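Residue numbers run from 1 in the order of the sequence given. Note that the structure is predicted; figures quoted are calculated from it, not measured.
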Amino acid sequence: MNTTEITSWDPEFTERLVGAVEPVARRWFRYEVRGLESLPATGGVLVVANHSGGMLTPDVLIFAAAFYRAFGYDRPLYTLGHDGLFPAPVADWLARVGVIHASTDNATNALRSGGVVLVFPGGLYDAYRPTLAENVIDFNGRTGYVRCAIDAGAPIVPAVSIGGQESQLFLTRGGWLARRLGLSRFRSDILPVTLGFPFGLSVIVPLNLPLPTKIVTQVLRPIEIKRDADVSGVDADVRSRMQAALDRLAGQRRFPILG
């Protein structure tokens, strides 16, 4: 098994980068991350979260900043990322901050090493969910994360965020348009259409800047997974808990963007 990406994590580099970027994110998104005390203190942990905000999603930065503030830089936080995130100029520093290719081997290896692994099963499909369904948990049928937790003997810790999908107006995932254009050959089943600032209507590009929406993340209690657990059943349980938590956050939210 290739462990190069896992061993490339650089705590000093990560601390410098988070320290430089976190103050901007804090002022812009006024974020809150609640319930981090639910994370087990030792051993591998798979944090399963919803993804929000389109291409410029702030989810990873917000969670990482709160995680390292709470626990320091002795324990790595790995984030699984799509292959498209790793162009040659940035691949090295992404590995140094713990962003690794989303593969079963990488995730399992990171968990077995005792790391905390952050995964967004819904990927861009979730991050581009329409505004009318902004508070719906939808992984698009992806359940591979459960198998990773079982293979590594690691608990699943669900986490939900609200507010990121208010950073612009998400009109449609554009699945019908992607199919018509044959984008499946490029490993894409969506072609999102959004409306935002400063470019107005956007189809993937140009990238509109995120509005300064308040983002709140809630970390839930761990779910221990048995070796013989039914994958689809665990997935349904995880999504059910996440949906209930997201509904609670939505009920507490007074105004869009303002929070």
Side-chain angles (χ1 to χ4, degrees), residues 11 14-39 45-73 75-81 85 94 97-99 116-124 126-129 131 133-138 157-170 194 196-197 207-222 241-259:
T14 301
E15 185 173 7
R16 290 198 302 271
L17 183 63
V18 170
V21 179
E22 189 273 343
V24 177
R26 177 169 293 278
R27 289 179 175 86
W28 192 253
F29 295 112
R30 298 160 287 135
Y31 69 82
E32 298 178 37
V33 178
R34 307 168 180 168
L36 279 170
E37 65 277 4
S38 294
L39 288 175
V45 179
L46 186 63
V47 178
V48 178
N50 61 326
H51 213 18
S52 302
M55 190 68 71
L56 297 179
T57 172
D59 294 340
V60 176
L61 171 59
I62 287 173
F63 188 86
F67 174 86
Y68 287 121
R69 180 184 290 109
F71 303 112
Y73 290 84
R75 188 184 191 188
L77 171 67
Y78 297 107
T79 301
L80 302 184
L85 288 176
L94 282 175
V97 298
V99 181
V116 175
V117 178
L118 176 61
V119 60
F120 303 97
L124 287 179
D126 192 16
Y128 277 105
R129 64 189 180 278
T131 295
E134 63 181 336
N135 295 325
V136 175
I137 300 295
D138 187 352
V157 174
V160 294
S161 294
I162 194 168
Q165 216 63 4
E166 298 170 6
S167 62
Q168 58 183 304
L169 187 63
F170 294 85
T194 65
F197 175 84
L207 292 177
N208 285 307
L209 297 177
L211 296 174
T213 177
K214 180 176 177 60
I215 295 177
V216 178
T217 299
Q218 179 69 57
V219 180
L220 308 182
R221 295 180 63 82
R241 297 186 192 207
M242 292 178 68
Q243 187 62 65
L246 188 56
D247 289 343
R248 287 193 294 272
L249 288 180
Q252 297 166 7
R253 199 166 180 86
R254 295 170 297 173
F255 302 105
I257 300 179
L258 298 179

### Query
Taking Val117 as the fixed residue, which of Thr79, Val47, Leu80 is the one that meets the side chain to side chain contact (heavy atoms under 4.5 Å, CB included) rule?
Leu80

### Message
I'd like to check Leu46 versus Val157 (side-chain heavy atoms, cut-off strictly below 4.5 Å). Are they in contact?
### Response
no

#### Entry: Tyr68 side chain vs Thr14 backbone, donor-acceptor pair below 3.5 Å
no

### Query
Is the backbone of Met55 close enough, under 3.5 Å, to the side chain of Tyr128 for a donor and an acceptor to pair up by distance?
yes

### Message
Closer than 3.5 angstrom, by distance alone: can the side chain of Gln243 be matched with the main-chain N or O of Asn135 as a donor-acceptor pair?
### Response
yes

### Message
According to side-chain contact (heavy atoms from CB on, under 4.5 Å), who are the partners of Pro256, at least two apart in sequence or on a separate chain?
### Response
Glu166

#### Entry: Heavy-atom closest pair, residues Ala65 and Val18
CA-CG1, 3.9 Å

List the atom pairs, donor and acceptor, that lie under 3.5 Å between side-chain atoms in residues 215-222 and the rest of the protein, sequence neighbours left out.
unit_1, atom_1, unit_2, atom_2, d
Thr217, OG1, Ser161, OG, 2.6

## Note on the structure
ring-ring contact (aromatic ring centres under 6.0 Å, His included) filter on Phe71, not counting sequence neighbours, yields Phe67

### Query
With sequence neighbours left out, what residues match Arg30 under side chain to side chain donor-acceptor pair (under 3.5 Å)?
none

### Message
Rounded at 0.5 Å granularity, tell me how far CZ in Arg129 sits from CG in Leu124.
### Response
12.0 Å

### Query
Any sub-3.5 Å donor-acceptor pair from Ser167's side-chain atoms to Gly164's backbone N or O?
yes

#### Entry: salt bridge (Lys or Arg N to Asp or Glu O under 4.0 Å) partners for Glu32, two or more places apart
Arg34, Lys214

### Query
Is there side-chain contact between Pro58 and Trp28, with at least one heavy-atom pair below 4.5 Å?
no

### Shortest non-hydrogen contact from Ala127 toward Phe170
O-CE2, 3.8 Å

### Which atom of Leu39 lies closest to which atom of Val45, heavy atoms considered
CD2-CG1, 3.9 Å

### Query
Under 3.5 Å, side chain of Gln165 to main-chain N/O of Thr131, donor-acceptor pair present?
no

### Task
Supply the atom-to-atom distance Asn50 CG to Ile137 CD1, rounded to the nearest 0.5 angstrom.
4.0 Å

### Message
With rounding to the nearest 0.5 angstrom, report the CZ to CG distance, Phe197 to Leu209.
### Response
6.5 Å

### Message
Would you compute the distance between atom CG of Leu169 and atom CG of Asn208 and round it to the nearest 0.5 angstrom?
### Response
10.5 Å

### Query
Does any N or O in the side chain of Arg26 come within less than 3.5 Å of the main-chain N or O of Glu22, such that one atom is a donor and the other an acceptor?
no

### Message
Let me confirm one number: the CG-CE distance from Asp247 to Met242, rounded to the nearest 0.5 Å.
### Response
12.0 Å

### Query
Checking Asp59 side chain against Ser52 main chain: does a donor-acceptor pair fall under 3.5 Å?
yes

### Summary
Distance col, row Arg253:CZ vs Thr213:OG1, nearest 0.5 angstrom, shows 4.5 Å

### ring-ring contact (aromatic ring centres under 6.0 Å, His included) against Phe120, all qualifying residues, sequence neighbours excluded
His51

